[in-house]
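Contents: one structure, followed by commentary.
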Amino acid sequence: MHDGLRRRIGVFGGTFDPPHHGHIAIAQEVRHSLNLDDVLMVVANDPWQKTAVSSVTPADTRLALSHTAFDSVDGLEVSDLEIRRGGASYTADTLTTLSGPDCELFLVVGSDAAAGLDTWKRSAEVRSLATTVVIDRGGRQGGRPPAGWTHDVVDVPALEISSSDLRARFGSDRPVDGLLPRGVIDQVRALGLYGSCR
Ligand code: ATP
């Protein structure tokens, strides 16, 4: 319950390469469902699980795209703290930086990742610093955290949008309208990202 004293802050980490309407829909649903004051959209500096297998757009560019996508959305705030910290992005470090007596943290994770939370770096810190929020899509129950993880579940509309599909669309000049904010589309094309035409 909202005790009215501590700010309730959602922490939604992502690569946001590029940010899209799926990210916005999730953040807004979580904010509404759990009565959060704000959701921090934390742009990963080095998403080590992804950079191990593929290349990722430079962090400063993804940060700029995220500002374009999220700044005008009520209750969403872009955070560059992982980029300022540098190096590999670990959730335990991020939650440690954000935690304090004045706020209660809610860590947003996809249900695909939930069952593996014990394998995250310094998972005991992650578990103790935030309430985990597991995202189900379109009423389909996905994975759940291991025993001992306090968690909420939020069901979000199933939107079949992914950053990898968008990168492929930009690269092959297929339509992207309606899948991500107009300003992000323009910025991606202006910068020639993902092999898009200028
Ligand atoms: P990629 O396709 O490159 O893996 P992504 O959009 O899945 O990109 P991130 O930018 O890291 O990946 O997304 C942050 C979080 O948002 C992830 O936990 C991911 O599971 C979740 N997410 C992304 N798109 C959707 C969607 N359409 N519906 C629900 N969750 C999503």
Side-chain angles (χ1 to χ4, degrees), residues 10-34 39-70 73 76-83 88-91 94-95 106-117 119-120 126 130 132-145 149 151-172 174 176-181 184-185 187-188 193-196:
V11 179
F12 184 0
T15 311
F16 304 129
D17 190 17
H20 54 68
H21 281 136
H23 298 131
I24 294 172
I26 296 166
Q28 288 293 54
E29 193 73 44
V30 170
R31 180 171 178 250
H32 175 81
S33 297
L34 300 181
V39 176
L40 288 183
M41 310 300 281
V42 183
V43 183
N45 182 56
D46 174 5
W48 53 277
Q49 285 139 319
K50 283 188 180 175
T51 46
V53 290
S54 60
S55 67
V56 169
T57 303
D60 284 348
T61 305
R62 290 183 286 105
L63 179 66
L65 296 176
S66 298
H67 277 296
T68 303
F70 305 133
V73 184
L76 304 196
E77 192 182 317
V78 174
S79 169
D80 65 355
L81 78 87
E82 291 189 352
I83 296 172
S89 301
Y90 295 121
T91 303
T94 303
L95 295 178
F106 295 81
L107 176 66
V108 180
V109 299
S111 58
D112 48 334
L117 281 167
T119 69
W120 288 22
V126 176
T132 305
V133 181
V134 180
I135 301 301
D136 278 346
R137 298 190 192 191
R140 289 190 301 273
Q141 181 177 327
R144 293 288 179 261
W149 289 75
H151 67 277
D152 288 307
V153 177
V154 173
D155 188 56
V156 305
L159 293 174
E160 294 307 321
I161 307 173
S162 72
S163 297
S164 33
D165 178 58
L166 288 169
R167 293 193 297 275
R169 285 174 174 274
F170 278 113
S172 53
R174 282 180 291 146
V176 291
D177 304 86
L179 302 175
L180 70 174
V184 179
I185 296 173
Q187 206 170 1
V188 164
L193 298 177
Y194 317 127
S196 60

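When a ligand or atom number is given, it counts from 1 through the structure's own listing order.
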(message) If we ignore hydrogens and angles and just use 3.5 Å, is the side chain of Ser89 paired with the main-chain N or O of Asn45 as donor and acceptor?
(response) yes

(request) Taking His32 for its side chain and Glu29 for its backbone only, find out whether a donor-acceptor pair lies under 3.5 Å. (result) no

(message) For ligand 1 and Gly22, I'd like to know whether there is a polar contact (N/O to N/O, distance under 3.5 Å).
(response) no

(message) Students often mix this up, so state it plainly: with edges at 30° and 60°, are the rings of Phe16 and Phe12 parallel, tilted or perpendicular?
(response) perpendicular

(request) Quick one: do Arg31 and Val154 satisfy side-chain contact (heavy atoms from CB on, under 4.5 Å)? Show the steps, please. (result) CA-CA 10 Å; Arg31 180 171 178 250; Val154 173; over 6 Å; no

(request) State whether the side chain of Arg62 and the backbone N or O of Thr57 hold a donor-acceptor pair below 3.5 Å, judged by distance alone. (result) yes

(request) Among all protein heavy atoms, pick the one closest to atom 5 (P) of ligand 1 and tell me residue, atom and distance. (result) Ser163 OG, 3.9 Å

(message) Has Asp136 got a side-chain atom pairing as donor or acceptor with Gly142's backbone, closer than 3.5 angstrom?
(response) yes

(request) Determine yes or no for a side-chain-to-main-chain donor-acceptor pair under 3.5 angstrom, with Ser196 supplying the side chain and Gly171 the backbone. (result) no

(request) Could you say whether the N/O atoms of His20 and ligand 1 ever approach to under 3.5 Å? (result) yes

(request) Output yes when a protein non-hydrogen atom is found under 4.0 Å of atom 7 (O) of ligand 1, and no otherwise. (result) no

(request) Record the part of Glu160 in heavy-atom contact with ligand 1 below 4.0 Å; permitted values are side chain, backbone, both and neither. (result) neither

(message) Give the atom numbers and elements of ligand 1 that come within less than 4.0 Å of a heavy atom of Gly14.
(response) 11 (O), 14 (C)

(request) Answer yes or no for atom 19 (C) of ligand 1: protein heavy atom present at a distance under 4.0 Å? (result) no

(request) Could you see which bit of Ile26 sits under 4.0 Å from ligand 1, with heavy atoms only: side chain, backbone, both or neither? (result) side chain

(message) At less than 4.0 angstrom from any non-hydrogen atom of Ser164, what atoms of ligand 1 do you find?
(response) 1 (P), 2 (O), 3 (O)

(message) Does the plane of the ring in Phe170 sit parallel, tilted or perpendicular to the ring in Tyr194? Use 30° and 60° as the thresholds.
(response) tilted

(request) For atom 4 (O) of ligand 1, grab the closest protein heavy atom and report residue, atom and distance to one decimal in Å. (result) Lys50 NZ, 3.1 Å

(request) Among all protein heavy atoms, pick the one closest to atom 17 (C) of ligand 1 and tell me residue, atom and distance. (result) Phe12 CE1, 4.7 Å

(request) Determine, considering heavy atoms only, which of Glu29, His23, Arg137 sits nearest to atom 31 (C) of ligand 1. (result) Arg137

(message) Under 4.0 Å from a heavy atom of Arg167: which atoms of ligand 1 are those, numbered in the order shown and with their elements?
(response) 3 (O)

(request) Using the side chain to side chain contact (heavy atoms under 4.5 Å, CB included) rule, pick out the option among Leu117, Val109, Leu107 that qualifies with Thr91. (result) Leu107

(message) Rounded at 0.5 Å granularity, tell me how far CE in Met41 sits from CG in Leu76.
(response) 5.5 Å

(request) Check if Ile135 has a non-hydrogen atom at a distance under 4.0 Å from any atom of ligand 1. (result) no

(message) Return the closest protein heavy atom for atom 27 (N) of ligand 1 as residue, atom name and distance.
(response) Leu159 O, 2.8 Å

(message) Under 4.0 Å from atom 23 (C) of ligand 1, is there at least one protein heavy atom?
(response) yes

(message) Under the criterion side-chain contact (heavy atoms from CB on, under 4.5 Å), I'd like the reasoning laid out for His23 against Ser163: C-alpha separation, chi angles, the key distance, then a yes or no.
(response) CA-CA 10 Å; His23 298 131; Ser163 297; 3.7 Å; yes

(message) So if I count the atoms of ligand 1 from 1 in the order they appear, which ones are less than 4.0 Å from some heavy atom of Gly13?
(response) 14 (C)

(message) By the definition side chain to side chain contact (heavy atoms under 4.5 Å, CB included), identify the one residue from Leu193, Leu166, Thr61 that meets it with Val188.
(response) Leu193

(request) Could you tell me which atoms of ligand 1, counted from 1 in the order shown, lie closer than 4.0 angstrom to a heavy atom of Phe16? (result) 10 (O)

(message) Using a 3.5 Å cut-off on N or O atoms only, is Asp17 in polar contact with ligand 1?
(response) no

(request) Identify, for atom 11 (O) of ligand 1, the protein heavy atom at the shortest distance, and state residue, atom and that distance. (result) Thr15 N, 3.1 Å

